[in-house]
Amino acid sequence: MKTLFIGQNAIYLKSVDSTNSYATELLRQNKVSEGTIIYTFNQTNGRGQRGNSWESEPNKNIALSLILHPLFLNADKQYLLTKITALAVTDLMAEMLKSSTWKERIEIKWPNDIYINEKKIAGILIENSLRDTHIQNSIIGIGININQTCFKTTTNSTSLALLTSKEFDLTETIELLCSFIEAKYLQLKADKITTIDNDYLQRLYRLNSWNMFSANNQMFEGRITGVSDIGKLRVLLRNEETKEFDLKEIVFI
Ligand code: BTN
């Protein structure tokens with residue numbers, strides 16, 4: 001592992017229900033050093049956002065949870081962890097696709113789904129626990145579709161293998177992911193917030209274009225203009241009003 005601390009302590013599991021659940025249990029029992037990763041290629045009951053499940057064919061994809069102790073980060077800044085994780089995954093995708101002839105945009109669909117060519121390739125589930133007003137433990141769960149070519153339960157999924165017709169080494173991908181996360185985490189620790197914010201906006205799916213959304217069972221046209229500090233989606237409406245939405249409040253059409 002060519003990193004300073006991310007992934008230096010690595011727990012590989014042949015199979016596990018959910019690496020995030022395993023990490024939660026580990027933190028309950030012991031002190032866990034910052035940068036510890038728990039990973040598997042066979043996650044049997046992966047958890048997703050909004051109580052959804054995360055499906056993955058055995059031995060085709062990576063499922064990883066990273067444990068951080070970002071005590072320097074105020075609770076109201078926790079969305080920055082979402083941003084750096086999404087950016088690290090887009091960096092990984094760009095690196096892995098750099099020799100392909102394929103040239104579509106790699107995008108972050110708010111809040112932190114990674115999309116390529118309008119299809120989802122990776123999902124992120126971050127679970128934080130606080131001490132007073134700061135973040136004591138952060139479990140950063142990442143699932144990336146690598147070698148799976150057939151998706152039975154989802155219609156809008158893709159994988160690196162589907163995009164390139166190649167197979168990828170899962171362990172090498174984990175190592176590369178760790179180095180990209182470390183680079184972003186060090187940027188965060190060095191307080192390079194403007195750079196992180198700008199990089200995130202650069203990658204944001206549907207930024208600045210008029211699109212249809214739905215909220216409270218009503219369809220409307222809007223233009224994403226950014227994301228607030230606490231992670232709400234900012235949408236400009238046709239009547240020139242700007243509204244902010246939570247994850248549960250808005251649906252992309
Ligand atoms: C989503 O898209 O809704 C988020 C999916 C997150 C999946 C990852 S895989 C590793 C970690 N362990 C889990 O149970 N979930 C996350």
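For ligands, and for the atoms within them, numbers begin at 1 and follow the listed sequence. Quick note: residue numbers are just sequence positions, from 1.
Taken to the nearest 0.5 Å, the CD atom of Glu57 stands 10.0 Å off from the OG atom of Ser159. Interatomic distance, CG of Asn137 versus CG of Leu27, reported as 4.5 Å (0.5 Å rounding).
Ser228 is listed as a side-chain neighbour of Arg234, based on a closest heavy-atom distance under 4.5 Å. Put simply, the side chain of Ser138 does not reach to within 4.5 Å of the side chain of Ile67, judged on heavy atoms.
Against a heavy-atom cut-off of under 4.0 Å, Asn20 is close to the following atoms of ligand 1: 11 (C), 12 (N). Every atom of ligand 1 with a heavy atom of Gly143 under 4.0 Å away is listed here by number and element: 8 (C), 9 (S). The atoms of ligand 1 that sit less than 4.0 Å from any heavy atom of Gly46 are 14 (O). Remark: ligand 1 atoms within the under-4.0 Å shell around heavy atoms of Gly48 are 1 (C), 3 (O), 4 (C), 5 (C). With ligand atoms numbered from 1 in the order given, ligand 1 contributes 2 (O) to contacts under 4.0 Å with heavy atoms of Asp113.
Nearest protein heavy-atom neighbour of atom 3 (O) of ligand 1: Gln49 N, 2.7 Å. From the protein, the heavy atom lying nearest to atom 5 (C) of ligand 1 is Trp54 CE3, 3.6 Å. The single protein non-hydrogen atom nearest to atom 2 (O) of ligand 1 is Lys120 NZ, 2.6 Å, given as residue, atom name and distance. Scanning all protein heavy atoms for the shortest distance to atom 10 (C) of ligand 1 gives Thr19 OG1, 3.2 Å.
For Arg50, the closest heavy-atom approach to ligand 1 does not fall below 4.0 Å. For Leu64, the heavy-atom gap to ligand 1 drops under 4.0 angstrom.
Between Gln43, Lys109, Glu55, it is Gln43 that holds the heavy atom closest to atom 9 (S) of ligand 1.
No side-chain N or O of Thr242 forms a donor-acceptor pair with one of Glu244 less than 3.5 Å apart. No side-chain N or O of Thr24 forms a donor-acceptor pair with one of Ser21 less than 3.5 Å apart. A donor atom on one side chain and an acceptor atom on the other are found under 3.5 Å apart for Asn20 and Ser65.
Residue Arg47 places at least one N or O, backbone or side chain, under 3.5 Å from an N or O of ligand 1. For a threshold of 3.5 Å applied to N or O pairs, the pair formed by Ser18 and ligand 1 contains at least one separation below that value.
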| said: Apply salt bridge (charged side-chain N to carboxylate O under 4.0 Å, His left out) to residues Asp229 and Lys77 and explain how you reach the verdict. | reply: CA-CA 7 Å; Asp229 280 352; Lys77 296 268 156 44; 5.6 Å; no
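Contacts with ligand 1 closer than 4.0 Å are made by backbone heavy atoms (N, CA, C, O) of Ile124 only, the side chain lying farther away.
Sparse packing is recorded around CD of Gln218, with 12 or fewer heavy atoms of other residues, nucleotides or ligands lying under 6.0 Å away.
Using the six-membered ring where Trp is involved, Phe245 and Phe220 have ring planes that are parallel, under 30° apart on the 30 and 60° scheme.
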